[in-house]
Amino acid sequence: MPRMTDVRSLLSQALSSALDAVCPGHALTVPSVSACHDARYGDYQSNVAMLVAAAGNLAPRELAASVAGALRLEDLCAKVEVAGPGFINFHLRPSRIAALIAEMAADPHNGIASAANPRRIVVDFSSPNTAKAMHVGHIRSTFLGDALARFARAVRHEVITDNHVGDWGAQFGMLIHGYNTRLDREAEKRDPVAEFERLYREVSQESSRNEETREKARRELAALHAGEAESVEVWKKIAELSLAEFEKLYRRLGVRFDHCLGESFYNPSLPEVVAELRRLGIAEESEGAICVFFREDPVLKDAAPMMIRKKDGAFLYATTDLATLRHRAREWRADEILYVTDARQKLHFQQIFAAAEKWAGAPGNSLLASADARLPRLRHIVFGSVLGADKKPIKTRSGDPIKLADLLDEAEARALKIIEKKNPALSAEARRAAARVLGIGAVKYADLCQNRNLDYVFDWNKLLALQGNTAPYLIYAYVRIRSIFRQGGIAPLGQTLPPPSVLSHDAELALAKKLIQFGDTVHAVLDDCRPHLLAGYLYELSTRFSRFYETCPVLKAAEPDRGARLLLCDLTARVLQRGLGLLGIETIEEM
RNA sequence: GCGCCCAUAGCUCAACUGGAUAGAGCGUCGGUCUACGGAACCGAAGGUUGCAAGUUCGAGCCUUGCUGGGCGCACCA
């Protein structure tokens with residue numbers, strides 16, 4: 001069901017009734033209308049005539065001409081014409097564009113319409129492992145998940161963000177053993193996670209050579225599983241200190257979670273989940289393990305089954321994910337769940353989703369809150385890897401993953417250097433603030449401006465570049481607008497400005513036409529969870545603003561141009577700020 | 001072996017999900033040049049969309065087969 005802005009829905013409705021009149025009985029329900037990619041053709045276009053003509057064996061151009069003739073759009077369009085193989089092109093009246101701009105400026109949502117069917121959406125993202133530092137491998141999930149949550153909230157879905165941290169697993173045997181026998185308290189105080197990594201590395205290396213160490217680690221793991229107080233205490237401490245470190249990074253990134261229910265939270269329910277799946281005939285024993293087979297699935301039947309309990313009785317990733325799904329479906333009543341994890345987990349989630357279908361379909365299941373409840377829509381939001389200049393997954397020179405904290409430090413340091421060179425007049429405090437926003441914004445934007453399912457090459461020079469599709473370019477456009485307002489002594493953003501009575505200059509109209517597509521673009525992002533569509537939009541908006549800025553003086557213009565241009569500037573700034581905000585990127589007033 | 005993803009200008013990426021003459025940035029060449037912030041703007045050159053068929057009014061996008069690359073496939077997460 002397509003959502004449309006006022007313009008698009010008006011045109012679509014008009015086309016629909018014209019089509020009914022000209023060609024009764026046609027099968028098309030909602031004529032599609034899209035913005036023209038090329039201004040030569042007009043502002044909006046529709047291909048309905050070609051679709052209906054093809055279905056009814058008619059001549060497309062003739063049908064288009066009679067549909068266009070039956071349209072009553074004189075007040076909205078200056079011109080409607082048939083072109084090419086049968087397109088109907090619409091040219092909006094400048095006066096209507098001005099009216100739409102005024103409307104958008106007065107709208108607290110700036111033209112972002114509410115979702116047609118608001119849902120409760122759980123966004124599962126970031127998910128670092130405790131006792132390990134967050135690194136580049138976490139940035140895409142974190143940025144994407146946070147951005148998608150922001151987009152969903154912007155169209156008034158109810159959003160629950162959940163950080164499914166990896167705080168359980170076999171590695172804790174070694175960690176606890178290491179913690180008890182060789183902890184460096186000073187190091188723990190300085191950088192607890194780094195110390196945990198050291199402990200794990202040492203014990204792990206030693207146990208590959210030393211049977212005794214291996215045995216001690218195994219005993220610690222058993223003690224933890226058995227809930228022995230001493231072991232649990234150490235485990236808790238490791239988790240708490242790790243989460244506190246993560247929280248520092250999230251604060252720095254402006255990322256927020258409603259919940260942080262890690263793997264351990266679901267631990268107590270795993271035996272019960274496995275038992276239920278066996279009872280319902282969904283899981284079965286195979287070679288001593290408990291597995292779910294997908295024999296009826298044309299794709300999954302050839303892959304290995306999904307194991308939910310090992311031969312030794314231990315549970316797995318899949319088990320936890322099923323328990324987690326149950327909690328979200330039954331307790332949270334989620335309508336939809338987004339799993340923002342990398343593409344390598346595709347098969348895993350296919351299996352989880354297929355198992356969930358079976359589970360939800362089984363009478364007496366505990367997955368859903370009630371018999372008439374439906375399984376949430378489950379979507380795996382896949383993304384590619386971050387590559388270094390050598391086109392291999394990015395690493396430090398020593399081969400370790402780059403720590404997120406180091407990455408952000410470097411981003412800010414590089415941004416600061418550029419700002420110092422470009423604008424030495426700025427106060428030290430303003431420079432630091434700008435460096436933070438630009439540095440972190442640049443890293444986020446570089447990630448979010450590209451199609452998520454592709455790998456991308458991480459390149460400092462490109463992401464901090466001042467030209468091209470980058471955060472600095474967009475923020476610069478914003479800063480220039482704010483500077484106009486400072487010069488003119490009209491400081492606050494979003495103040496009440498008189499509606500534009502005229503938009504006559506080409507650059508004004510081009511900018512205005514882009515502005516009124518903002519809400520549509522936000523919805524398009526959510527259709528396929530692709531924030532790069534909005535990034536592309538913001539970049540185009542900025543280039544149109546730059547062109548406008550070159551050719552249309554604002555403060556020096558005479559009325560009524562001055563007022564109209566001020567409003568265009570103000571609305572552009574607000575759309576840039578709001579749009580960047582959806583991507584999790586801040587703006588600054590000076591740079 | 002089976003499955004998934006990818007291949008677009010020299011490089012890094014787009015292309016509103018089947019629409020019109022495939023667009024940007026970088027790099028190259030050339031313009032604007034006392035500017036409401038030049039961290040900008042304008043222009044030129046650059047393409048058989050990996051190859052080959054097919055589907056239809058119309059294909060970078062859908063189908064099939066190749067080639068080349070990445071990833072995943074039973075006791076890790």
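Each chain gets a letter, A, B and so on, in the order its sequence line appears, and its residues count up from 1. Hydrogens, waters and symmetry mates play no part in the numbers below; they use all other heavy atoms, side chains included.
The aromatic rings of A:Phe353 and A:Phe349 sit tilted, their planes meeting at an angle between 30° and 60°. The aromatic rings of A:Phe172 and A:Trp235 sit perpendicular to each other, their planes meeting at more than 60°, with 30° as the lower class boundary.
Across all strands shown, B:U32 forms a Watson-Crick or G-U wobble pair with B:A40, both key distances being under 3.5 Å. Across all strands shown, B:C26 is found opposite B:G10 as a Watson-Crick or G-U wobble partner, with both distances under 3.5 Å. With a cut-off of 3.5 Å on both pairing distances, the Watson-Crick or G-U wobble partner of B:C51 is B:G65. Nucleotide B:G3 forms a Watson-Crick or G-U wobble pair with B:C71, both donor-acceptor distances falling under 3.5 Å. Pairing of B:A15, defined by two Watson-Crick or G-U wobble distances under 3.5 Å, is not identified with any nucleotide. Pairing for B:U56 is absent, judged as Watson-Crick or G-U wobble with the two contacts each under 3.5 Å.
Look at CG on A:Asp38: it is 15 Å from C1' on B:A14, rounded to the nearest Å. Rounded to a whole Å, the CG atom of A:Asn453 is 10 Å from the P atom of B:A15. Rounded to an integer number of Å, the gap from CD of A:Glu540 to C1' of B:G25 is 13 Å. The CG-P distance, from A:Leu300 to B:A74, rounds to 14 Å in whole Å. Here the P atom of nucleotide B:A77 and the CG atom of A:Asn267 are 11 Å apart, to the nearest Å. At whole-Å resolution of the value, CZ in A:Arg530 and C1' in B:C61 are 12 Å apart. One can place CZ of A:Phe294 at 15 Å from C1' of B:G3, the figure rounded to the nearest angstrom. Taking atom CG of A:Asp167 as the reference point, atom P of B:A77 lies 13 Å away to the nearest angstrom.
Using a 4.0 Å heavy-atom criterion, one finds that A:Asn57 contacts no nucleic acid atom at all. Contacts of A:Ala343 with the nucleic acid, taken as non-hydrogen atoms under 4.0 Å apart, are absent. Among the heavy atoms of the strands, none lies under 4.0 Å from A:Pro60. A:Ser34 comes within contact range of no nucleotide atom at all, as no heavy-atom separation falls under 4.0 Å. Using a 4.0 Å heavy-atom criterion, one finds that A:Ala83 contacts the bases of the nucleic acid, with or without backbone contacts as well.
Of the C1' atoms belonging to B:C2 and B:A9, the separation is 37 Å, rounded to the nearest Å. Using atom C1' as the reference point in both B:C75 and B:C62, the two lie 40 Å apart (nearest Å). Comparing B:C13 with B:G19, their P atoms are spaced 24 Å from each other, to the whole Å. Between B:C57 and B:G10, the two C1' atoms lie 37 Å apart (nearest whole Å). Rounded to a whole angstrom, the distance from the P atom of B:A22 to that of B:A59 is 12 Å. Here the separation of B:C33 from B:G43, taken at their P atoms, is 16 Å to the nearest Å. Distance noted for atom P between B:U56 and B:U63: 15 Å (whole Å). Straight-line distance between the C1' atoms of B:C61 and B:A14: roughly 13 Å, to the nearest whole Å.
Under the 3.5 Å distance criterion, with hydrogens and angles disregarded, no donor-acceptor pair is assigned to the side chains of A:His505 and A:Asp561. A donor and an acceptor atom, one from each side chain of A:Ser546 and A:Tyr473, are located under 3.5 Å apart.
Side-chain atoms of A:Ser286 and base atoms of B:A74 include a donor and an acceptor less than 3.5 Å apart. A donor-acceptor contact under 3.5 angstrom links the side-chain atoms of A:Asp528 to the base of B:U17. Side chain A:Asp455 to base B:G70: no donor-acceptor pair is found below 3.5 Å.
Residue-nucleotide stacking is not present for A:Tyr549 and B:C41, judged by a side-chain ring centre under 5.5 Å from the six-membered base ring centre and planes under 30° apart.
Of all nucleotides listed (B:A14, B:U21, B:C75), B:U21 comes nearest to the side chain of A:Arg40. In this structure, the nucleotide among B:G37, B:A77, B:G19 sitting nearest to the side chain of A:Asn423 is B:G37. Of all nucleotides listed (B:G37, B:A74, B:A40), B:A74 comes nearest to the side chain of A:Ala304. Here B:A15 is the nucleotide among B:C41, B:A15, B:C13 with the atom lying nearest to any side-chain atom of A:Leu533. Taking only side-chain atoms of A:Lys310, from C-beta outward, the nucleotide of B:A74, B:C75, B:C5 with the closest atom is B:C75. Minimum atom distance to the side chain of A:Glu287 is reached by B:A74, of the listed B:A74, B:C41, B:A77. Set against B:C2, B:C71, B:A74, the side chain of A:Arg344 has B:C71 as its closest nucleotide. In the set B:C71, B:A40, B:A77, the nucleotide with an atom closest to the side chain of A:Tyr473 is B:A40. Here the side chain of A:Ala289 is nearest to one of B:C75, B:C36, B:A39, namely B:C75. Among the nucleotides B:G19, B:G37, B:C13, the one closest to any side-chain atom of A:Pro85 is B:G19.
At B:U12, none of the side-chain N or O atoms of A:Lys462 fall inside 4.0 Å of OP1 or OP2 (strictly under the cut-off).
Checked options A:Phe125, A:Tyr266, A:Phe265, A:Tyr317; the residue passing with A:His164 is A:Tyr266 (criterion: ring pair (Phe, Tyr, Trp, His ring centres under 6.0 Å)).
Closest approach of A:Cys569 to A:Ile484, counting heavy atoms only: SG-CD1, 4.2 Å. Nearest heavy atoms, A:Asp167 versus A:Thr130: CA-OG1, 3.4 Å. Of all non-hydrogen atoms in A:Val443 and A:Ala411, the two that sit nearest each other are CG2-CB, 3.7 Å.
Ranked by how close their nearest RNA chain B nucleotide is to the 5' end, A:Lys422 and A:Phe293 are led by A:Lys422. Both A:Gln45 and A:Gly169 sit near RNA chain B, but only A:Gln45 has its closest nucleotide nearer the 5' end.
Ring centroids of A:His225 and A:Phe315 are separated by 6.0 Å or more, keeping the two rings apart.
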